[in-house]
Protein chains: 2
Amino acid sequence: MKHDVILHDVAKAANVSIATVSNVVNGKGRVSKTTMKRVQQAIEQLGYAPNLLARHLKTNQSRLIGLVVQTTKPGRIQDNPFYWDLLAGAEEIARDHGFHMILVSMGMPEETLDFVKQRQLDGLLVVGITDHRGEDALFRTLDIPCVYIDSYLNDPRLCQVCVDDQYGGYAATKHLLALGHRRIALLIGDIPMDQLHRYAVLQQRWFGYRKALDEAGLPYDPGLMIRLPTSVQGGYHAAAWLASHNDVSAIFSMSDIAALGLMKGIKDMGWRVPEQVSLVGFDNLFMSGYTLPALTTVSQNIVQKGRVAVKLLMELMDNKCSTSRKVVLPVELLVRDTTTKAHLTDRQ
Amino acid sequence: MKHDVILHDVAKAANVSIATVSNVVNGKGRVSKTTMKRVQQAIEQLGYAPNLLARHLKTNQSRLIGLVVQTTKPGRIQDNPFYWDLLAGAEEIARDHGFHMILVSMGMPEETLDFVKQRQLDGLLVVGITDHRGEDALFRTLDIPCVYIDSYLNDPRLCQVCVDDQYGGYAATKHLLALGHRRIALLIGDIPMDQLHRYAVLQQRWFGYRKALDEAGLPYDPGLMIRLPTSVQGGYHAAAWLASHNDVSAIFSMSDIAALGLMKGIKDMGWRVPEQVSLVGFDNLFMSGYTLPALTTVSQNIVQKGRVAVKLLMELMDNKCSTSRKVVLPVELLVRDTTTKAHLTDRQ
DNA sequence: CTGTTAGCGCATTCAA
DNA sequence: TTGAATGCGCTAACAG
């Protein structure tokens, strides 16, 4: 094609100045009905659309929100389907406010900072960081509105969105305890226990687990922590662990993904869920209700998490974030078919 | 914080003109070693980062690539976890070329056009459109580089990336035929058969199915098309259909998602996979190998699809897209445990 | 090798 | 109510 249509072209066509056209476009200033009509017509005919680069350069904003996700290898986005739900929820609200979402894959920290400065991002949704590596300080230096998701930062001035992970862990464990289980293993992820504080979400669920144990007067046994990756494969391999721990009658997996792999692993060993091992997951993935048996799990709404995060960000931008700076979304235990009364003798 | 650091500030600090700083930043023009050092030092100290809005306004580009996805409700992103893989692959390559990904949820067509024009997007990744609603023409009017993913547009000048859907459908069906199955149902999605051409990906797989049937000298039976949504729920309900079609010994589901639901539905009816019904899926989801029995499926690499699409887009931008304008990524039949020899008598 | 200058398209004073 | 003029921060052409 040719040259873009600009303010100037419209002005000429409507026989007015560019200032007037600008006023019409932005609904500002006083413009008479007749000229407004004429201008709108010209805009229509020429197919004019304002150049946001120019507008934003002038107004010193970008109406762009960055979704900052951690990367394993520098510059590479972590493989996690949940992010799409988060992004979808965020985009929905952002769009309603005239903002758009841009992806910021966080590799080297400085790169991320540069990105935000260069692109003049108006706000950030930061997923899953901790304040133990100074990452939060990093974003603080940026001095733009940030909403931290699943991050559990201690600074009360920070805006945060998460789910009630601790309650989730508590509810799942309590459910198993109520069914008579006493030796409940925790599929916690591939991390050393002394590094648990760096994975706040997992730590919170772990807290909930311990709390339920405490209330039941049961001791905490570090030997029941299964430290394998939070993945289908990791879960699958947890079955081998289970084979050498015959006193364990239930496993609480911190993710449905791992729970699915684990269920497969258990069945491949010839054991039955839930008759011989009870299983609880976390997340309520789209197919968790459709496994056989259907997975008992702690359900969370990730799309909603994205929505709420952007809403909070909008408030933060308007400086009217006097209300709740930390939003904890509810989780819900969905009891399905992978949990049943303890029958310890079955596998012994 | 305060005011952003701009070219001017650096220039003053280094005692040079802004043009020289610009040259250093962009590695253009001739700058002496000593001044370059001085400028770089100033940049470092002040923490200068170029304002891309200004740069792009000047250079008339944005280094932004839009990922255009369909929405069901206007303005809302369709719920599909695959998109994250696509986005991740695309971002990986885009970032390597100094581009970033922005989300364009396509509701009303005009909105989308405005978005692209206003944000001055340099290129577009358009997912799953057809040329039967004139959507392709829409993007053509934009006159910016586009790569169409999973779209099967007829215009040979268009850049497209897809997988070999037809071969996938063919291979899956042929596999079932080789096992002795003769009545093979197709779980095709919630669309009228006379609208199939509007869903080119499904149509291609359907072509493959028919081709395999033809080669085996078997007639095509429209009565074997199961028209239920491509979702876990849809698949689950397909089990009821199966119950009333006892001559059907195998089902080819056009998506793993639906296949998972179907597997559950079949088992809930008390039937066994694969002894009584063989099942093939499509996609190879992350947990498809971990169902029980493990799902036989046609595997595709969606991350790779995203990568290739951006690579193609980059070539298109450089005008050196003389080579292949259409890339067909391979698919692979993964024979796992949901398919076995036909035993028609089992359920009759 | 380095500095001066003129816009990119727009929003926004300030005059008329 | 409308228009002329200024500058957002940067690049690129041209001068020195």
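By convention in this document, chain letters (A, B, ...) are assigned in the order of the sequence lines, proteins followed by strands, and residues within each chain are numbered from 1. Atom set for the values below is all heavy atoms of this structure, side chains included, hydrogens, waters and symmetry mates excluded.
Note on B:S17: every side-chain N or O is 4.0 Å or more away from OP1 and OP2 of C:dT4. Between A:S32 and D:dT2, a side-chain N or O to OP1/OP2 separation shorter than 4.0 Å is present. In terms of phosphate contacts, B:T20 brings a side-chain nitrogen or oxygen within less than 4.0 Å of OP1 or OP2 of C:dG3.
The backbone N or O of A:M106 lies less than 3.5 Å from no partner atom in the side chain of A:T112, so there is not a single donor-acceptor pair. Of the possible polar contacts, none joining the A:D122 side chain to the A:I65 backbone as a donor-acceptor pair under 3.5 Å is found.
Under the 30°/60° scheme for interplanar angles, the aromatic rings of B:F139 and B:Y148 are found to stand perpendicular.
Between A:D9 atom CG and C:dC10 atom P there is a gap of 9 Å when expressed in whole angstrom units. Rounding to whole angstrom units, CD of residue A:Q61 and P of D:dG9 are separated by 14 Å. Between the NE2 atom of B:H56 and the P atom of C:dC10 there is a distance of 17 Å, given to the nearest Å. In this structure, A:L57 atom CG and C:dC8 atom C1' are separated by 9 Å, rounded to whole Å. In this structure, the CD1 atom of A:I6 is 14 Å from the C1' atom of C:dA11, given to the nearest Å. Across the protein-nucleic acid pair, B:Q118 atom CD and C:dG9 atom P stand 15 Å apart, rounded to whole Å. One interatomic measurement links the two molecules: CD of B:Q120 to C1' of D:dC10, which rounds to 16 Å at whole-angstrom precision. The NE2-C1' distance, from A:H8 to D:dG3, rounds to 14 Å in whole Å.
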Determine, stepwise, if the pair A:V116 / A:L124 fulfils side chain to side chain contact (heavy atoms under 4.5 Å, CB included). CA-CA 9 Å; A:V116 174; A:L124 245 35; 3.9 Å; yes
Could you walk me through whether A:F82 and A:Q300 pass the side chain to side chain contact (heavy atoms under 4.5 Å, CB included) test, one step at a time? CA-CA 11 Å; A:F82 293 113; A:Q300 66 164 319; 5.7 Å; no
Look for any protein N or O under 3.5 Å of an N or O in nucleotides 14-16 of chain C and output each such pair with its distance, or none.
none

For nucleotides 11-13 of chain D, list the nitrogen or oxygen atoms of the protein found under 3.5 Å from its nitrogen or oxygen atoms, one pair per line.
residue : atom : partner : partner atom : Å
D:dT11  : OP1  : B:N26   : OD1          : 3.4
D:dT11  : OP1  : B:N26   : ND2          : 3.3
D:dT11  : OP1  : B:R55   : NE           : 2.5
D:dT11  : OP1  : B:R55   : NH2          : 3.1
D:dT11  : OP2  : B:S22   : OG           : 3.0
D:dT11  : O2   : B:K58   : NZ           : 3.2
D:dA12  : OP2  : B:K28   : NZ           : 3.2

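With values rounded to the nearest 0.5 angstrom, B:K117 atom NZ is found 11.5 Å from B:D143 atom CG. The CD atom of A:Q61 sits 5.0 Å away from atom NE2 of A:H56, with the distance rounded to the nearest 0.5 Å.
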Please tabulate, for the side chains in residues 31-38 of chain A, all donor-acceptor contacts under 3.5 angstrom to protein atoms that are two or more places apart in sequence or on a different chain.
residue : atom : partner : partner atom : Å
A:S32   : OG   : A:T34   : OG1          : 3.2
A:S32   : OG   : A:T35   : N            : 3.4
A:S32   : OG   : A:T35   : OG1          : 2.7
A:T35   : OG1  : A:S32   : O            : 2.9
A:R38   : NE   : A:A14   : O            : 2.9
A:R38   : NH2  : A:A14   : O            : 3.2

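Residues passing the side-chain hydrogen bond (donor to acceptor under 3.5 Å, both in side chains) test with A:D150, sequence neighbours excluded: A:K305. Not counting sequence neighbours, the partners of A:Y152 by the side-chain hydrogen bond (donor to acceptor under 3.5 Å, both in side chains) test are A:D165.
Of all the heavy atoms in B:D114 and A:A49, the pair that sits closest is OD1-CB, 4.4 Å. Scanning all heavy atoms of the two residues, the minimum distance from B:L153 to B:I129 falls at CD2-O, 4.1 Å.
With DNA chain C read from its 5' end, the first of the two nearest nucleotides for A:L52 and B:R30 is the one closest to B:R30.
At a threshold of 4.0 angstrom between heavy atoms, the contacts of B:N60 with the nucleic acid are absent.
Terminal axes of the helix from C:dC1-D:dG16 to C:dA16-D:dT1 (five pairs each, C1' rotation axis) are separated by 40°, to the nearest 10°.
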